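Take a look at the structure below.
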Amino acid sequence: MRAYVVNKWDHPSQLKLVDDAPEPQAAGDEIVVDVYSSALNYFDILQAQGKYQIKPPFPFTLGAEFAGKVAKGSPIPKGCPYKPGDRVFGQAQGCFADKVAVKWQLHVNRLPDNLTFDQGAGLQITWPTSYEALVGRAELKPGEFILINAAAGGVGIVAVQLAKALGATVIAAAGSQSKLDICKTYGGADYTVNYTEKDWQKQVLQITSGKGVDVVYDPVGRIAESLKCIAFKGRAIVVGFAAGEIEKLPLNIVLLKNISVIGIHWGLYASKEPSRISTVWEELLRLFASGRIKPIIYDKILSLNEVTVGLDALERRQTWGKVVVHVKDEEQRTVAKL
């Protein structure tokens with residue numbers, strides 16, 4: 001099968017798509033899925049170089065999110081509700097490939113009928129991360145102000161939509177006018193600010209009548225500068241460090257403003273609080289079915305042989321929303337070779 005196989009730590013630009021990778025074999029509580037679409041994540045870039053906390057043994061296939069169908073001939077473990085042909089989405093190591101083996105209990109969900117495979121490919125990581133960050137960790141309330149940094153990115157645009165659905169007033173922050181326009185057009189942000197401008201925090205304070213925001217959502221490493229416009233007893237959510245460096249915070253500001261600095265590591269819930277996963281997905285799938293939220297996909301959908309192009313654009317901050325790889329068409333059929 002086709003796959004991006006990692007045999008040594010290297011920048012993903014050095015990866016090549018091979019067409020003779022062995023098909024994955026399901027074991028234990030795994031099922032095999034035919035991948036129709038997959039999605040890019042910033043950590044794919046780090047993982048290829050050995051800079052991510054999850055380091056699979058060599059050789060391994062890159063990619064972590066997929067949408068597709070349970071493969072014909074896939075084993076169906078006892079208790080598994082899925083059958084061959086079912087439309088599903090989820091998370092597993094090895095999604096930049098034609099097939100992937102995935103644990104069905106915590107990492108697979110049924111794809112809603114109103115979503116395409118391309119729309120479903122990027123749901124499994126960004127959506128529950130943002131939902132739990134806003135609801136479970138920051139306890140965002142209707143009427144509160146929230147500042148969302150890197151708001152046009154994969155998790156950022158999701159947070160904008162969810163915060164609006166939760167009744168908050170959203171201030172979207174990004175580094176260019178084109179990305180700010182995306183936050184308004186696709187995310188529905190109430191206000192936008194460009195955080196590359198000098199004293200941008202003053203704009204936030206003006207919007208909030210001098211009070212500051214109740215919540216800061218940050219996936220890039222801009223918490224410290226955002227503390228200049230956070231309210232008394234505000235909550236700052238550390239989502240990630242996409243800017244590349246782990247941030248150091250001035251704890252005197254945390255003390256003086258009575259601020260709570262909160263972390264969210266959704267991947268840890270599978271081992272630490274698995275019961276929360278189904279609760280989060282029940283609410284998210286309800287919101288998707290209602291049409292109140294929807295996946296936002298970057299306007300250039302890639303083919304499987306363009307994965308490295310997409311990762312390069314992601315690394316250069318040239319994308320917005322979720323970057324999706326269209327692996328194959330639903331109508332495509334495999335023709336036996338003579």
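As the structure is a prediction and not an experimental result, all values here were calculated from the model.
- Remark: the backbone N or O of I223 is paired with a side-chain donor or acceptor of E247 at under 3.5 angstrom.
- For the pair V216 and S226, the tightest heavy-atom approach, listed with the atom from each and the gap, is CG1-CB, 3.8 Å.
- Between the side chain of E225 and the backbone N or O of R222 there is no donor-acceptor pair closer than 3.5 Å.
- Residues V160 and A189 come closest through the heavy atom pair CG1-N, 3.9 Å.
- Between Y191 and T169, some side-chain heavy-atom pair lies under the 4.5 Å cut-off.
- Here the closest non-hydrogen pair linking Y269 and R137 is OH-CD, 3.8 Å.
- Looking at K164 and D190, a side-chain N of the basic residue comes within less than 4.0 Å of a carboxylate O on the acidic one, giving a salt bridge.
- The main-chain N or O of F145 is never found under 3.5 Å from a side-chain atom of K211 such that the two would form a donor-acceptor pair.
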Q | Stepwise side-chain contact (heavy atoms from CB on, under 4.5 Å) test for L162 and L287 | A | CA-CA 9 Å; L162 287 172; L287 287 169; 4.2 Å; yes
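- The nearest pair of heavy atoms linking A150 to P219 is CB-CG, 4.1 Å.
- Looking at F58 and N7, their side chains never come closer than 4.5 Å, going by heavy atoms from C-beta outward.
- The only member of L311, L40, V327 that meets side-chain contact (heavy atoms from CB on, under 4.5 Å) when paired with L302 is L40.
- Within 6.0 Å of atom CD in E283, more than 12 heavy atoms from other residues, nucleotides or ligands are found, so the atom counts as buried in its surroundings.
- Looking only at side-chain heavy atoms (C-beta outward), P128 and L284 come within less than 4.5 Å of each other.
- No path of Ile, Leu, Val, Met, Phe, Trp and Tyr side chains, each step under 4.5 Å between heavy atoms, connects I297 with V158, placing them in separate hydrophobic clusters.
- Salt-bridge annotation for D34 and K69: absent, with no side-chain N of the basic residue lying under 4.0 Å from a carboxylate O of the acidic one.
- Taking the six-membered ring where the residue is Trp, W200 and Y195 present perpendicular rings, their angle passing 60° and hence far from 30°.
- Crowding of K55 atom NZ: a count of heavy atoms from other residues, nucleotides or ligands under 6.0 Å exceeding 12.
- Under the 4.5 Å side-chain heavy-atom criterion for ILVMFWY residues, a single connected hydrophobic cluster contains both L304 and F60.
- Within 6.0 Å of CG in D113 there are 12 or fewer heavy atoms belonging to other residues, nucleotides or ligands.
- Of all heavy-atom pairs between A173 and L147, the closest is CB-CD1, 3.9 Å.
- Once rounded to the nearest 0.5 Å, the distance linking CG of L62 with CG of L15 reads 6.0 Å.
- By the 4.5 Å heavy-atom criterion applied to side chains, I296 and Q161 are counted as neighbours.
- Residues F96 and F43 share a single hydrophobic cluster, defined by chaining ILVMFWY side chains whose heavy atoms lie under 4.5 Å apart.
- Taken to the nearest 0.5 Å, the CD1 atom of I45 stands 11.0 Å off from the OG1 atom of T308.
- Side-chain N or O atoms of Q119 include one that pairs as donor or acceptor with a backbone N or O of T116 at under 3.5 Å.
- For K141, the NZ atom counts as densely surrounded, since its 6.0 Å shell holds more than 12 non-hydrogen atoms of other residues, nucleotides or ligands.
- Ion pairing between a basic and an acidic side chain is recognised when a charged N comes within 4.0 Å of a carboxylate O; E139 and R235 show no such pairing.
- What you find for K322 and N41 is that their closest heavy atoms are NZ-OD1, 2.7 Å.
- Distance check: L205 CG to I230 CD1 gives 11.0 Å after rounding to the nearest 0.5 Å.
- L123 and L106 fall within a single hydrophobic cluster, where Ile, Leu, Val, Met, Phe, Trp and Tyr side chains are chained together by heavy-atom contacts under 4.5 Å.
- A cation-pi contact, defined as under 6.0 Å to the ring centre and within 45° of the axis, links K328 to Y36.
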Q: Please test Q318 against K300 for side-chain contact (heavy atoms from CB on, under 4.5 Å), starting from the C-alpha separation and ending with a verdict.
A: CA-CA 11 Å; Q318 296 174 344; K300 177 175 172 53; over 6 Å; no
Q | Q124 and N109: CA distance, side-chain angles, deciding distance, side-chain contact (heavy atoms from CB on, under 4.5 Å) verdict | A | CA-CA 8 Å; Q124 188 73 18; N109 282 287; 3.4 Å; yes
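- At most 12 non-hydrogen atoms from other residues, nucleotides or ligands lie less than 6.0 angstrom from CD of E245.
- Considering only heavy atoms from C-beta on, P12 stays 4.5 Å or farther from Y4 through its side chain.
- Between Y298 and W320, the angle of the ring planes goes over 60°, which puts this pair in the perpendicular group of the 30/60° scheme.
- Taking CD of E65 as the reference point, atom NE2 of H107 lies at 12.5 Å (rounded to 0.5 Å).
- Applying the side chain to side chain contact (heavy atoms under 4.5 Å, CB included) rule to K228 yields the partners Q201; only residues at least two apart in sequence or on another chain are considered.
- Side chains of V204 and V213 form a contact here, defined as non-hydrogen atoms less than 4.5 Å apart.
- One distance of note links CG of L111 with OG of S37; it measures 9.5 Å at 0.5 Å rounding.
- The shortest distance between side-chain heavy atoms of S130 and W266 does not fall below 4.5 Å.
- In L268, the CG atom is crowded: over 12 heavy atoms of neighbouring residues, nucleotides or ligands sit closer than 6.0 Å.
- One distance of note links CG of D98 with CZ of R2; it measures 4.0 Å at 0.5 Å rounding.
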Q.
I'd like to know whether L17 forms a side-chain contact (heavy atoms from CB on, under 4.5 Å) with V307, so could you lay out the CA-CA distance, the side-chain angles of the two residues, the decisive distance to 0.1 Å, and finally the verdict.
A. CA-CA 9 Å; L17 179 65; V307 164; over 6 Å; no
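- Connection of V215 to V238 is not established within any shared hydrophobic cluster, with ILVMFWY side chains joined at heavy-atom distances below 4.5 Å, either directly or through further cluster members.
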Enumerate donor-acceptor pairs with a distance under 3.5 Å from any side-chain N or O in residues 74-93 to protein atoms, sequence neighbours excluded.
residue : atom : partner : partner atom : Å
S74     : OG   : V32     : N            : 2.9
Y82     : OH   : V108    : O            : 3.2
K83     : NZ   : D86     : OD1          : 3.1
D86     : OD2  : K83     : N            : 2.9
D86     : OD2  : R110    : NH1          : 3.2
R87     : NH2  : P112    : O            : 3.0
R87     : NH2  : L115    : O            : 2.7
Q93     : OE1  : Q47     : NE2          : 3.0
Q93     : NE2  : Q47     : OE1          : 3.1
Q93     : NE2  : T61     : O            : 2.8

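- H265 places none of its side-chain heavy atoms less than 4.5 Å from the side chain of K272.
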